[in-house]
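What follows is one structure encoded as structure tokens, with my remarks underneath.
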Amino acid sequence: MSKVVSYKDIGLVNSRELFRHAVAGGYAIPAYNFNNLEQLQAIVIACAETRSPVIMQVSKGARNYANETMLRYMAMGAVEMAREIGVDLPIVLHLDHGDSFELCKSCIDSGFSSVMIDGSHLPYDENVALTSKVVEYAHQYDVTVEGELGVLAGIEDEVVAEESTYTQPDEVEDFVQKTGVDSLAISIGTSHGAFKFKLKEGESAPPLRFDILEEIEKRIPGFPIVLHGASSVVPAYVELINQYGGKLDGAVGVSEDQLRRAAKSAVCKINIDSDGRLAVTAKVREFLVKNPGEFDPRKYLGAARSELVELIKHKNQAVLGSAGKA
Ligand code: G3H
Ligand code: 13P
Ligand code: ZN
């Protein structure tokens, strides 16, 4: 990348105003991960139809998979597509789990309007130093920055945490003040992926640690909080996958009730990746088993995309409360 591209020229927005409205209005902005065309189309169609502001997010892995230039043009296409549908949708292009200053800078220089620098696995002072460096660069271009305190159980890109280390409320005020971040991801019992809780027969998932969230809110009132690992691992998709040849034993996620409660609080960004992956996999598996003679990717990926549209509309309307806010 030689030339610096401003997200403003692409028609994107940063997350600042969206979060301000979400915190005041008691809802959360959805942050959907994407890696390919059909996922991105589904996000645009569903968010336009429900008039929901949206954060389209890209992980380091997604950038490697799809190619960074291709992804940037896809995001530009998404903005144009929403306009053609006739909705002036506020769209944020966000780097999910940035793991270095260089990666964040590269995204900012290529048109991202928001980045996450995830120093949550580092010693506190190093997290502060790295996050501050990214904020200093990003704010020169009016790009918003998400930091993280506390480690989620499971796999955060290449960082493996055996158990979730909950965010310590005593650290948040100092972190926010020293780094200048625009939002803060916290750890209150969620984890990434489709296996969020190890449950015995008949057990249900433990509630999130809303007591920790309340303590955090007391320390930084009105500050935008981000919830990662927030897929519900929709049981109907897990059942379809298993019915059509897959094997996902013990997959379980965060209940919609818990997410609704979080969305009404200072949590103003909710990250969803696994549910989209499950919806796509379930529909592709079902389609191919039911239509053994089909080999046109448009047919099975089209079926997956339609399901993804329905899933995202449901999340915006019934879980996050972002529908109608664009
Ligand atoms: O939090 C991680 C996201 O689900 C992205 O996952 O690194 O496999 O693209 P990925
Ligand atoms: P899920 O794995 O629960 O979808 O979480 C996604 C996420 O937090 C992306 O950053
Ligand atoms: Zn995450």
Side-chain angles (χ1 to χ4, degrees), residues 15 28-36 39-40 42-43 54-68 70-71 74 92-100 103-104 107 112 114-121 145-161 164-165 167 183-197 205 208 224-235 237-238 248 250-256 258-259 262-263 267-282 308 311-312 314-316 319-320:
S15 61
I29 310 290
Y32 297 113
N33 290 70
F34 75 97
N35 309 272
N36 68 16
Q39 287 174 308
L40 189 57
I43 295 169
V54 64
I55 298 171
M56 308 184 309
Q57 62 186 14
V58 172
S59 69
K60 180 179 169 180
R63 235 176 155 228
N64 290 339
Y65 172 79
N67 177 282
E68 62 178 78
M70 180 65 84
L71 270 182
M74 284 169 70
V92 176
L93 179 62
H94 176 76
L95 169 67
D96 191 24
H97 293 285
D99 61 356
S100 68
L103 176 60
C104 292
C107 287
F112 280 57
S114 177
V115 293
M116 174 187 193
I117 177 67
D118 181 357
S120 59
H121 52 286
V145 180
E146 175 184 328
E148 179 166 340
L149 271 180
V151 181
L152 272 67
I155 297 168
E156 284 199 319
D157 262 318
E158 280 123 47
V159 186
V160 180
S164 73
T165 312
T167 305
S183 60
L184 182 67
I186 56 162
S187 172
I188 55 167
T190 61
S191 65
H192 289 106
F195 302 89
K196 299 194 188 298
F197 307 101
L208 300 183
I225 301 295
V226 178
L227 193 63
H228 283 246
S231 278
S232 294
V233 187
V234 179
Y237 295 145
V238 175
L248 291 180
V252 59
V254 183
S255 78
E256 293 191 346
Q258 295 277 296
L259 295 172
V267 169
C268 65
K269 173 175 180 267
I270 289 191
N271 282 13
I272 298 160
D273 187 358
S274 296
D275 276 343
R277 297 179 181 196
L278 290 167
V280 168
T281 304
L308 209 41
L311 172 74
I312 293 173
H314 168 74
K315 299 247 180 217
N316 295 350
V319 186
L320 283 83

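Throughout, numbering of the chain's residues begins at 1 and tracks the sequence. Order of appearance sets the numbers: ligands from 1, and atoms from 1 within every ligand. The structure displayed is predicted, hence computed values, not measured ones.
Put simply, the side chain of Phe195 reaches to within 4.5 Å of the side chain of Leu248, judged on heavy atoms. In this structure, Lys315 and Ile270 have side chains that are not in contact, with every pair of non-hydrogen atoms separated by 4.5 Å or more. At least one side-chain heavy atom of Leu208 sits under 4.5 Å from a side-chain heavy atom of Leu227. For the pair His192/His97, a side-chain contact is recorded, criterion being any heavy-atom separation below 4.5 Å from C-beta on. In this structure the side chain of Arg277 never reaches within 4.5 angstrom of the side chain of Ser231, judged on heavy atoms.
Under a 4.0 Å criterion applied to the non-hydrogen atoms of His97, ligand 2 contributes the atoms 10 (O). Distances below 4.0 Å separate heavy atoms of Asp273 from the following atoms of ligand 1: 3 (C), 4 (O), 5 (C), 6 (O). Listed by number with element, the atoms of ligand 1 under 4.0 angstrom from any heavy atom of His97 are 1 (O), 2 (C). Applying the 4.0 Å criterion to heavy atoms of Asn33 picks out, from ligand 2, the atoms 9 (C). Those atoms of ligand 2 with a heavy atom of Ile272 less than 4.0 angstrom away are 4 (O). Below 4.0 Å from some heavy atom of His228 lie the following atoms of ligand 2, by number and element: 8 (O), 10 (O).
Only side-chain heavy atoms of Asp96 come within less than 4.0 Å of ligand 1; its backbone N, CA, C and O stay farther off. When heavy-atom distances to ligand 1 are checked against a 4.0 Å cut-off, Arg277 comes that close only through its side chain, counted from C-beta outward. Of the heavy atoms in Val254, none comes closer than 4.0 Å to ligand 2. Residue contacts with ligand 2 for Ser59 are absent, since no atom lies close enough (heavy atoms, distance under 4.0 Å).
The option from Gly229, Gly253, Gly193 that lies nearest to atom 8 (O) of ligand 2, judged by heavy atoms, is Gly229.
Without hydrogens or angle criteria, Gln39 side chain to Asn36 main chain gives a donor-acceptor distance under 3.5 Å. Counting only distance, with no hydrogens or angles, the side chain of Ser114 and the backbone of Val145 share no donor-acceptor pair below 3.5 Å. Checking side-chain atoms of Ser59 against main-chain N and O of Asp96 turns up no donor-acceptor pair under 3.5 Å. For Ser187 (side chain) and Val151 (main-chain N/O), a donor-acceptor pair under 3.5 Å exists by modelled atom type. Under the 3.5 Å distance criterion, the side-chain polar atoms of Asn271 are left unmatched by any main-chain donor or acceptor of Ala31.
Taking the N/O/S atoms of His97 in turn, the shortest distance to the Zn ion (ligand 3) belongs to NE2. With respect to the Zn ion (ligand 3), His228 has ND1 as its nearest N, O or S atom.
Ligand 1 has a nitrogen or oxygen under 3.5 angstrom from a nitrogen or oxygen of Ser59. Taking distance alone, with nitrogen or oxygen atoms compared against 3.5 Å, Asp275 stays at or beyond that limit from ligand 2. Residue Asn271 places at least one N or O, backbone or side chain, under 3.5 Å from an N or O of ligand 2.
Protein heavy atom nearest atom 7 (C) of ligand 2, with residue, atom name and distance: His192 CD2, 3.3 Å. Of the protein's heavy atoms, Asp96 OD2, 3.1 Å lies nearest to atom 9 (C) of ligand 2.
In this structure, NZ in Lys196 is found 6.5 Å from OG1 in Thr190, a value given to the nearest 0.5 Å.
Proximity of Lys196 to ligand 2 is established by a heavy-atom distance of less than 4.0 Å.
Scanning both residues, Tyr237 and Leu311, for their nearest heavy atoms gives OH-CB, 3.7 Å.
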